[in-house]
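Here the structure comes first, spelled out in structure tokens, and everything after it is commentary.
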Amino acid sequence: MRDLQQVLNEIAAEAAGDEDRGVVAQYIPELAKVDAKQFGIAVTLPDGTVLSAGDSATGFSIQSVSKVFTLALALGKLGDSVWSRVGREPSGNPFNSIVQLEQEKGRPRNPFINAGAIAVVDLIMAGHQPKEAIGEIIQFFRHLADDDSILIDEHVARSETAHGDRNASLAHFMRSFGNIHHPVDHVLGVYFHQCALVMNCRQLSRAGLFLASQGRDPVTGAQVVSEQRARRINAIMLTCGHYDGSGEFAFRVGLPGKSGVGGGILAIAPGKASIAVWSPGLDRVGNSKLGTAALEQLARRMDWTVFGA
Ligand code: GLU
């Protein structure tokens, strides 16, 4: 097998020389001003060792990558009752589409499209004020990353609120079908804060380690979710983790992954590694262009796949 650090160095060097970097997300000013030239990658191994290259210590807005963790949090708190409120089928539609919601009576296709993630937040909020739910989510990330310095960017959260009409529409629409129980502005407040979490690749890969290790954090010994739930979260990442480009990501990379419009991707090589990559330029469907290319190369060079022997 190739030396992992050497492979990461090669991939970061190749990314630095790539001119075709995609377009940085434009829907809020805070994301539109991020420098597209940045690229970071980090891999956390089952013993907790973190290897990295490029801008792996630079924080970025994790955006929809957070949806993997809030799903894990909701499953841990509420068990399989989560699935009465949200499905687990790829949507084949853009992440913020409202069309399917009407046809399917307010039950979102999966927890990784915006409507699904908003329904998951509503579940996490049971018995909590919005501030408490935000606190619980941050604590969960800090615990998983073993790093108390993780914070939310309040500017990003406020800007999401100011430009949040589409998400508000999704939430109101679901509420009209009884699939949102809390006031819409409370639920969206929590959702926008979760999207505005700032992490670097090293922290994010560490936080995802339980998904590569049968639901257990092998360093602390904490069972975050059951082994079966970890497998199922990986299954949903593989089928639904990349918006309307999920099939293409599975084809090219062959690992479960979840992307966000901040340009981050968390990918899982079960039993082998948790990987975080970040480059802010996005492709046509909103996935990090260089991040996807880097994961394709990493999986190939390390022979990491969920489809092998
Ligand atoms: N905060 C973004 C939204 O809700 C998240 C988008 C994403 O990363 O997919 O629209």
Side-chain angles (χ1 to χ4, degrees), residues 22-34 59-71 86 90-98 100-101 108-122 124 130 134 137-138 141 152-174 180 184-199 204 208 236-237 239-246 248-249 257-267 276-289 291-292:
V23 180
V24 172
Q26 302 292 321
Y27 74 100
I28 53 172
E30 279 69 15
L31 292 184
K33 66 187 183 209
V34 176
F60 60 91
S61 192
I62 68 165
Q63 293 291 328
S64 282
V65 183
S66 63
K67 294 171 181 173
V68 175
F69 297 91
T70 44
L71 174 63
V86 60
S91 73
N93 274 316
F95 66 103
N96 59 2
S97 169
I98 202 163
Q100 241 161 20
L101 262 188
R109 271 279 169 113
N110 69 67
F112 295 161
I113 52 175
N114 282 13
I118 292 167
V120 168
V121 163
D122 188 64
I124 291 172
I134 293 168
I137 292 169
I138 300 186
F141 276 90
I152 285 170
D153 184 333
E154 284 295 335
H155 293 289
V156 171
R158 267 200 292 279
S159 196
E160 298 271 4
T161 310
H163 297 85
D165 292 326
R166 176 69 72 108
N167 285 316
S169 307
L170 295 171
H172 279 293
F173 205 64
M174 286 189 285
I180 292 289
V184 164
D185 57 332
H186 290 188
V187 180
L188 288 180
V190 178
Y191 171 70
F192 290 140
H193 278 80
Q194 124 187 9
C195 289
L197 272 153
V198 177
M199 292 171 81
L204 187 57
I236 301 169
M237 289 170 76
T239 51
C240 311
H242 278 75
Y243 313 114
D244 206 7
S246 299
E248 182 70 10
F249 185 84
K258 178 75 200 89
S259 69
V261 289
I265 304 176
L266 173 71
V277 62
W278 168 61
S279 183
L282 308 178
D283 65 14
R284 197 178 40 83
V285 284
N287 298 309
S288 173
K289 193 153 198 230
T292 307

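Just so you know, ligand 1 is whichever comes first in the structure, and atom 1 is the first atom listed for that ligand.
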Using only atom types and a distance under 3.5 Å, with no angle test, would you say the side chain of [X] pairs donor to acceptor with the backbone of [Y]?
X: W278; Y: S288; result: no
X: N110; Y: I113; result: yes
X: Q100; Y: P108; result: no

Residue [X] vicinity, atoms of ligand 1 by number, heavy atom under 4.0 Å:
X: N167; result: 3 (C), 4 (O), 10 (O)
X: Y27; result: 1 (N), 2 (C)
X: G260; result: 8 (O)
X: Y243; result: 7 (C), 8 (O), 9 (O)
X: E160; result: 1 (N), 2 (C)
X: C195; result: 1 (N)

Give the residue and atom name of whichever protein heavy atom lies nearest to [atom], and the separation in Å to one decimal.
atom: atom 5 (C) of ligand 1; result: Q63 OE1, 3.2 Å
atom: atom 8 (O) of ligand 1; result: S64 OG, 2.7 Å
atom: atom 4 (O) of ligand 1; result: Y191 OH, 2.7 Å

Report yes if some heavy atom in the side chain of V261 is under 4.5 Å from a heavy atom in the side chain of Y243; otherwise report no.
yes
Sub-4.5 Å side-chain heavy-atom contact between F141 and I152
no
Please tell me whether T70 and K67 have a donor and an acceptor in their side chains that are separated by less than 3.5 angstrom.
no
Consider only side-chain N and O atoms of E160 and H193, and report whether a donor and an acceptor are under 3.5 Å apart.
no
Of V261, I118, N114, the residue with the heavy atom nearest atom 3 (C) of ligand 1 is N114
